[in-house]
Amino acid sequence: MTVLRQSAMAELERVPEDKLGAVINFIDKLVRETDAKEKKRDLEQFVMPPTERGQDADAYVRELRDNDRI
């Protein structure tokens, strides 16, 4: 066990029992934040492949507008 961990354990021994819940919640929050930062998110799963319509959106919108006036 490292000196820092031993020091933390000694400090936890001094915490009153009615306050241990708050300390545990704080430690749990720190661990979850650290885990969340380490996870890499694959944003590519949200990217849609380009479609023919998407390649020339201006022409498509013009075509819709012109066909709407007939």
Side-chain angles (χ1 to χ4, degrees):
M1 201 179 318
T2 65
V3 175
L4 183 59
R5 190 174 291 263
Q6 288 175 343
S7 174
M9 296 295 278
E11 290 299 318
L12 276 174
E13 299 270 338
R14 296 181 40 212
V15 175
E17 278 203 40
D18 61 329
K19 304 292 182 189
L20 279 177
V23 172
I24 290 171
N25 286 339
F26 178 74
I27 292 171
D28 187 46
K29 182 180 176 187
L30 284 176
V31 170
R32 277 188 276 126
E33 286 177 359
T34 302
D35 289 345
K37 287 180 183 176
E38 290 176 359
K39 289 182 183 176
K40 290 186 177 181
R41 291 174 176 79
D42 180 23
L43 298 179
E44 291 299 318
Q45 64 182 337
F46 300 108
V47 176
M48 293 177 56
T51 61
E52 186 178 322
R53 182 182 296 171
Q55 296 294 324
D56 196 13
D58 290 334
Y60 175 72
V61 171
R62 261 188 247 108
E63 180 185 335
L64 283 177
R65 186 184 59 218
D66 292 343
N67 288 340
D68 190 35
R69 295 180 183 172
I70 294 177

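If you read the sequence from its start, that first residue is 1, and numbering goes on from there.
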When the side chains of residues 17-29 are checked against the rest of the protein, which donor-acceptor pairs come out under 3.5 Å, sequence neighbours left out?
{"residue": "Asn25", "atom": "ND2", "partner": "Gly21", "partner atom": "O", "Å": "3.4"}
{"residue": "Asp28", "atom": "OD2", "partner": "Arg32", "partner atom": "NE", "Å": "3.2"}
{"residue": "Asp28", "atom": "OD2", "partner": "Arg32", "partner atom": "NH2", "Å": "3.3"}

> In the hydrophobic clustering (ILVMFWY, side-chain contacts below 4.5 Å, transitive), which residues join Val61, or is it alone?
Replying inline: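 Once heavy-atom contacts under 4.5 Å are chained together, Val61 still belongs with nothing else.
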Solution key, residues 5-13 side-chain donor-acceptor pairs under 3.5 Å, sequence neighbours excluded:
{"residue": "Glu11", "atom": "OE1", "partner": "Arg14", "partner atom": "NH1", "Å": "3.0"}
{"residue": "Glu11", "atom": "OE2", "partner": "Arg14", "partner atom": "NH1", "Å": "3.2"}

